[in-house]
Amino acid sequence: MSNYDHKRIEAKWQLRWEEERPNDVLEDPDKPKQYILIEFPYPSGEGLHTGHVRSYTALDIVARKRRAEGYNVLYPIGWDAFGLPAENFAIKTGTSPQITTRKSIDTFREQMKRIGFSFDWHREINTSDPTYYQWTQWIFLQLFKHGLAYKAKMPINWCPVDKIGLANEEVIEGKCERCGSPVEKREKEQWMLAITKYADRLDRDLDTVNYPERIKVQQRNWIGKSEGAEIEFRITNTELRIKVFTTRPDTLYGATYLVLAPEHPALANNELRITNYEEVRKYIEEAKQKTDIERTAEGKEKTGVELKGVRAINPATKEEIPIFVADYVLVHYGTGAIMAVPAHDERDFEFATKFNLPIRQVIQPVFGIENRRPDAEARETVTAIAKRKDGKILILKWKKQPWISAPIGGVDAGETSEQAAERELLEETGYCGKAVMVSPITIESHFFAEHKNVWRARYDHPVLLEVDEQSPKPISPKEDALHNVQWMTYEEALQAVNFKNNRLALELVLHKPHSYEGVSYAEAEQIINSGEFNGLSASEAKEKITETFGVKKISYKLRDWVFSRQRYWGEPIPLVFCEHCAKRITKGELRSTNEGEVRNPGWVPVPEESLPVELPVVEKYQPTDTGESPLAAISEWVNVRCPTCNGPAKRETDVMPNWAGSSWYFLRYSNPSNPEVFASRENLEYWLPVDWYNGGMEHTTLHLLYSRFWHKFLYDIGFVPTEEPYAKRTSHGVVLANDGQKMSKSLGNVVNPDEVIGQFGADSLRIYEMFMGPFDQSVAWSMDNIVGSRRFLERVWKLADSVKEAPLPEPFEALLHRSIKKVSEDIEEMKFNTAVSQLMILLNEMETLPDTPQEAFRILIRLLAPFAPHIAEELWERLGKVSSVHKAPWPSFDEEKITLRSAIIVVQVNGKVRAQIESSTDATEEELKELALKLPAVLKWTGGGEVKRTIFVPGRLLNLVV
RNA sequence: GCCGUGGUGGCGGAAUUGGCAUACGCGUACGGUUCAGAACCGUAUCUCGCAAGAGUUGAGAGUUCAAAUCUCUCCCACGGCACCA
């Protein structure tokens, strides 16, 4: 037989698939469905990237396997075609994005077909196609109508180079994500989407989906939910009140000053009647001019100005406390104002130290703290020891400075998951060791700064010893969850324990502080305490203090989505502004049931039947310096009639961000050419949710969150049948260049898949990309290693020559069945590298057989088919099959046949391998022991001595302890 | 600083209910084939040691008959977030 000629074979089958379209699917209610999805690419001018190939091949394998298992599989492809590169290219060359995009798409499509992906090409979509973005605009209008889109003047991140407003998500370390230049702040009218209204559900519903933990964690962090309270502070000389948000209402008695963000509205026109307003105004101006990097680049050095002539009243202590403006407080979080509790917050502590403000502790860990090492630095792990009512103890750890972030309930601050589990256990069983409100003492900050260990110094140091009922022994870290303890005195402990490695837990039993330099405890208690809340646990205190002085409140880090781009190459926002209607709505002459119109007076939606609002052809793509879209220059497009009053009106010239089209594309795949609706209910019900969605980690906080938001909204208004779009999400690692760096044009280390295909073939490329390393980890490309994959396929090719009707030898049959199992399971777990490895092992074994049994070879080909579809198809045909290998059912395995009848048992003496015995799998311990003790290799090490103990793992191992 | 992931031969990596560490592939060496080379085939390939043997999974300790895997104390790399009260 001829040599393996990948060019001929791949061309032949690609042509056949093009004609026969085996992967175009129709909805078939009688067949179970599988919706397999990859993130559709942005069709850049650079062509397909090896990273695309890795991800698409992986899910292609999954899709092909699912088809072989009898599922009706939807594996679609499309183009996320709006985006900056095409527009920037247009600015440079004058070539319209429409043209460059079309060209790029053609290239991508050709490249993909050369790799043999089993996409359903008849469902191809393109976000920049008017028949597609018509529906993007439609969805936007629904958001508008439901009051989730609003125009707001707000400081936005402005990139002076790209001349574009950026979403927070697009600002990386204060720099523009695209060009890396420092981002400025500008006030700009922007369309916003109220994603924060969905914050809670976006967080909560993560429990219902199958995403990797790290994605859930990242999303949760991004949403940043925190529960707390809003508390009002009265101001001395005005009627004004200032609201603060805090997660620690239990520390209210320790609030010794207030801080407002520079942008806080109460500061705008000296409403507070500050006597040093000039100074304050100057500070605010300075803060505004600072970019985000500058604010953080100054390190942790806090700045601020006291507002003279006004004071706030702490509602709990009734004390008058100073107010500051400082830029360490952010406007857009909480209420833009905080109550500062320096004793229990690092930042407040730092500020208070610098400005010499009182620091007042109000929370005390109950059972004290334990230091693993007596000389431990402040930032090391500290441990709280809690004693339960039944006498058992728990050791809880956190990594914080105990006197600054006093642990709430022992662990809340910075606890690990393990500790959380312990806490839950605790809460169930009930223990008496939560932090309590104590009568606090006031110390002056200068004193505090000099004596940081002062709180520790107040405790006595008896020793806690873990004691087994029978024999006392020092605490073993392994069993530190729950155990019986007794309490010993320090002297007793010294005698019972050896101090090796200081592995002795010192319990710092809580005592009332003895005395203080200058202030006795008794005196301190007189000065201030937590009043009627003394003695409560911190969590109880939170509840009660919130009830008494404020209201419960939940805050999120997530901010509303800046949805406007002053650009050309995007979906036009389908709204017009009508001066006339604006006036009538504000005056109340015009009533609208449309929440968007009410909320944004004068903004009128383009009627749905007039959609799409098509992107007009322009001559200049350059955005203006004032930040307006190039669309603003086309007066015949801008000037329209108002859909409501038919008066003169102007179109919105901003376009949508890239994220718009990709927020719902997976819905369109279910019904891609429907002119009536974005997708029919029927088709959505058949295909949704997406069963398996793979993509990059870089999209976890942007695309993934945005599309979940849109989906939930569409669910709420009754257009999609599921609350979550994706049942399962996985992510791929990045393919790096062989130098371990990111592939980039400027570094000249980009690998072009076309070249690899030319030299080695698409099948080799696919196999290599799967074999190169764990799918979810980054791997560097290697041109040297790819030959291994090529050789593997060549050997499969050659083996076909020796295929005969031949029986399966017994040990080989076991391997065959084990291989089916391994490959099947590995695909499901995305362990493609070991799946390929198993195929290699199987091939190696087959090569040692005198003849290649037909049956075994056919199974090999079927297992190989998802990975290397072309060669598999060709060999399948050579075996005389008329129908495609991709239509053949997935091989099944027999668990019985996997277990070998005989096995090699490892014999250890004292845990070291000394010999091997070949025996039947079901041999008993006694039989094997007898055999083993006759072996010279074993005798040498047992020395004929008595075997004290035997450990036996059936079918695997025998360990003799002498 | 916080959160997450990872650290195993010359290289990519395998092995996780604790049970033969280094599967599979690359590279390298030697041999075969060849006029020669490429390709291909075979053998070898963690370290020390002639060998018997001993050591080895980022470092150190612990638990165990047995640890890459579990526990503790550290170190390093990568990714994300970063004054979020």
Side-chain angles (χ1 to χ4, degrees), chain A residues 3 172-173 212-215 217-218 220-222 224-226 228 244-248 251 259 292 295-296 298-300 302 326-330 332-335 337-341 344-348 350-351 372-373 379-381 399 414 416 476-480 500-503 555-559 697-698 700-701 733-734 738 740 768 771-774 776-789 791-792 794-795 798 831 833-834 836-841 844 904-913 916 940 948-953 956-962:
Chain A
N3 286 334
I172 312 291
E173 284 173 1
E213 202 48 37
R214 56 182 177 148
I215 291 184
V217 166
Q218 253 189 54
R220 289 221 159 90
N221 288 346
W222 191 263
K225 178 178 179 170
S226 43
V244 303
F245 172 75
T246 177
T247 53
R248 298 289 307 275
T251 62
V259 187
D292 280 353
R295 270 202 193 185
T296 45
E298 286 169 29
K300 298 273 174 189
K302 300 271 182 294
D327 66 5
Y328 82 92
V329 174
L330 311 170
H332 44 68
Y333 185 75
T335 60
I338 61 156
M339 64 179 210
V341 186
H344 302 291
D345 182 279
E346 268 181 89
R347 294 151 303 173
D348 296 342
E350 204 186 316
F351 191 84
R372 231 161 233 298
R373 282 193 256 153
R379 57 187 185 77
E380 285 208 26
T381 308
K399 281 188 176 176
T416 68
S476 70
K478 194 177 181 180
E479 296 143 3
D480 65 3
K500 200 179 165 194
N501 302 318
N502 292 323
R503 258 173 206 292
S555 275
Y556 300 91
K557 287 188 202 172
L558 186 71
R559 286 184 247 164
M697 276 311 280
E698 70 275 19
T700 4
T701 46
V734 183
N738 58 0
Y768 171 63
F771 186 59
M772 65 197 301
D776 57 355
Q777 282 172 35
S778 303
V779 199
W781 183 272
S782 159
M783 275 300 182
D784 292 333
N785 283 345
I786 194 171
V787 303
S789 303
R791 278 180 205 156
F792 165 63
E794 277 173 2
R795 282 162 53 206
K798 209 172 276 173
K831 288 153 81 174
N833 53 336
T834 49
V836 173
S837 153
Q838 188 64 37
L839 290 173
M840 288 171 170
I841 292 168
N844 289 349
I904 292 176
I905 310 289
V906 173
V907 182
Q908 295 182 334
V909 179
N910 290 336
K912 297 236 177 230
V913 181
Q916 297 182 336
K940 183 178 166 192
K948 280 194 215 145
R949 203 178 145 190
T950 315
I951 290 104
F952 178 59
V953 183
R956 301 189 84 156
L957 170 138
L958 184 73
N959 187 11
L960 306 169
V961 184
V962 190

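Every value quoted in this text rests on a predicted model; they were computed, and no experiment measured them. So that the names make sense, note that chain A is the first sequence line, chain B the second, and so on, each numbered from 1.
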*Which whole number of Å gives the distance between the P atom of rG32(B) and that of rC48(B)?*
28 Å
*Where the side chain of Val329(A) is defined as all heavy atoms beyond and including C-beta, which of rA85(B), rG13(B), rC83(B) is the nearest nucleotide?*
rA85(B)
*Do Gln908(A) and Val961(A) pass the side-chain contact (heavy atoms from CB on, under 4.5 Å) test, and can you show the C-alpha distance, the side-chain angles, and the key distance before you say yes or no?*
CA-CA 8 Å; Gln908(A) 295 182 334; Val961(A) 184; over 6 Å; no
_Rounded to whole Å, please give me the gap between CG in Leu839(A) and P in rA14(B)._
16 Å
*Please work out the stems of RNA chain B from pairs that are Watson-Crick or G-U wobble with both distances under 3.5 Å, keeping only runs of three or more consecutive pairs.*
B:1-7 with B:75-81, B:10-12 with B:24-26, B:27-32 with B:40-45, B:46-48 with B:53-55, B:58-62 with B:70-74
*Take atom C1' in rG31(B) and the same atom in rG79(B), then report the distance between them in whole Å.*
48 Å
_From CD of Glu698(A) over to C1' of rC78(B), roughly how many Å is that when rounded to an integer?_
15 Å
*Results of side chain to side chain donor-acceptor pair (under 3.5 Å) for Arg795(A) - residues two or more places apart only*: Asn844(A), Glu847(A)
*Specify the residue among Gly773(A) and Asn910(A) whose closest nucleotide of RNA chain B lies further upstream toward the 5′ end.*
Gly773(A)
_Within the 4.0 Å limit for protein heavy atoms, which parts of nucleotides 19-28 of chain B are touched? Write it as a string from 5' to 3', B for base, S for sugar-phosphate only, - for none._
BB--BBBSS-
*Just how far, in rounded Å, is P of rC83(B) from CZ of Phe351(A)?*
17 Å
*Rounded to whole angstrom, note down the C1' distance from rU45(B) over to rA23(B).*
15 Å
*Taking all non-hydrogen atoms of both residues, which atom of Val259(A) and which atom of Ala340(A) are closest, and how far apart?*
CG2-CB, 4.4 Å
_Closest-nucleotide mapping onto RNA chain B: is Arg214(A) or Gln218(A) further toward the 5' terminus? I mean the 5' end._
Arg214(A)
*Can you tell me if the side-chain N/O atoms of Ser226(A) get under 4.0 Å from OP1 or OP2 in rA85(B)?*
yes
*Indicate the atoms forming the closest heavy-atom contact of Met783(A) with Ile786(A), along with that distance.*
O-CG2, 3.2 Å
*asked:* So, does Arg949(A) get its side chain near the phosphate of rC65(B), meaning an N or O under 4.0 Å from OP1 or OP2?
replied: yes
*Rounded distance in Å between the P positions of rU8(B) and rA59(B)*: 10 Å
*Quote, to the nearest angstrom, the C1' distance that separates rU16(B) from rA67(B).*
11 Å
_Trace of the side-chain contact (heavy atoms from CB on, under 4.5 Å) decision for Thr247(A) with Phe245(A)_ = CA-CA 7 Å; Thr247(A) 53; Phe245(A) 172 75; 4.0 Å; yes
*Using the purine O4'-C1'-N9-C4 or pyrimidine O4'-C1'-N1-C2 torsion, is rG9(B) syn (within 90° of 0) or anti?*
syn
*Provide the closest heavy-atom pair for Val907(A) versus Leu960(A) in the form atom of the first, atom of the second, distance.*
CG1-CD1, 4.4 Å
*Could you pull out the closest heavy-atom pair between Ile338(A) and Val244(A), with the gap in Å?*
C-CG1, 3.5 Å
*Select one nucleotide: of rC3(B), rC65(B), rC83(B), the one nearest the side-chain heavy atoms of Asp327(A).*
rC83(B)
*Separation of rG4(B) P from Trp222(A) CH2 (nearest whole Å)*: 18 Å
_Between rG9(B) and rG27(B), how many Å separate the two C1' atoms, rounded to a whole number?_
12 Å
*Contacts of type side chain to side chain donor-acceptor pair (under 3.5 Å), residue Lys225(A), not counting sequence neighbours*: Asp200(A)
*Could I get the full list of ring pair (Phe, Tyr, Trp, His ring centres under 6.0 Å) partners for Phe351(A), not counting sequence neighbours?*
Tyr257(A), Phe324(A), Tyr328(A), Phe355(A)
*asked:* Is any side-chain heavy atom of Arg214(A) closer than 4.5 Å to one of Asp776(A)?
replied: yes
_Any Val734(A) side-chain heavy atom under 4.5 Å of Glu698(A) side chain_ = no
_Could you report the tightest heavy-atom contact between Thr700(A) and Gln218(A), atom names first, then the distance?_
OG1-OE1, 3.2 Å
*So, does the side chain of Lys302(A) form a donor-acceptor pair with the base of rC83(B) at under 3.5 Å?*
yes
_Whether Tyr333(A) contacts rA85(B) is assessed here as follows: a side-chain N or O lying under 4.0 Å from the phosphate OP1 or OP2. Is that the case?_
yes
*Just checking Thr950(A): base, sugar-phosphate only, or nothing, at a heavy-atom cut-off of under 4.0 Å?*
nothing
*Can you check the Ile215(A) CD1 to rU5(B) P distance for me, whole Å?*
13 Å
*Given side-chain contact (heavy atoms from CB on, under 4.5 Å), test Val836(A) with Tyr768(A) step by step and report yes or no.*
CA-CA 9 Å; Val836(A) 173; Tyr768(A) 171 63; over 6 Å; no
_Atom-to-atom span, CG of Leu558(A) to P of rG80(B) - whole angstrom_ = 19 Å
*Write down the distance separating the C1' atoms in rC76(B) and rC83(B), rounded off to the nearest Å.*
28 Å
_Verdict with supporting geometry, Trp222(A) and Lys557(A), side-chain contact (heavy atoms from CB on, under 4.5 Å)_ = CA-CA 7 Å; Trp222(A) 191 263; Lys557(A) 287 188 202 172; over 6 Å; no
*For rG10(B) versus rU22(B), give the span between their P atoms, rounded off to a whole number of Å.*
15 Å
Protein-nucleic acid N or O pairs under 3.5 Å, nucleotides 53-57 of chain B:
{"residue": "rG53(B)", "atom": "OP1", "partner": "Lys940(A)", "partner atom": "NZ", "Å": "3.1"}
{"residue": "rA54(B)", "atom": "OP1", "partner": "Arg914(A)", "partner atom": "NH2", "Å": "3.3"}
{"residue": "rA54(B)", "atom": "OP2", "partner": "Arg914(A)", "partner atom": "NH1", "Å": "3.4"}
{"residue": "rG55(B)", "atom": "OP2", "partner": "Lys912(A)", "partner atom": "NZ", "Å": "3.2"}

*Take the protein atom CG of Leu330(A) and the nucleotide atom P of rA85(B), then report the distance between them rounded to whole Å.*
10 Å
*Nearest-angstrom distance from the residue atom CG of Asn221(A) to P of rG80(B)*: 14 Å
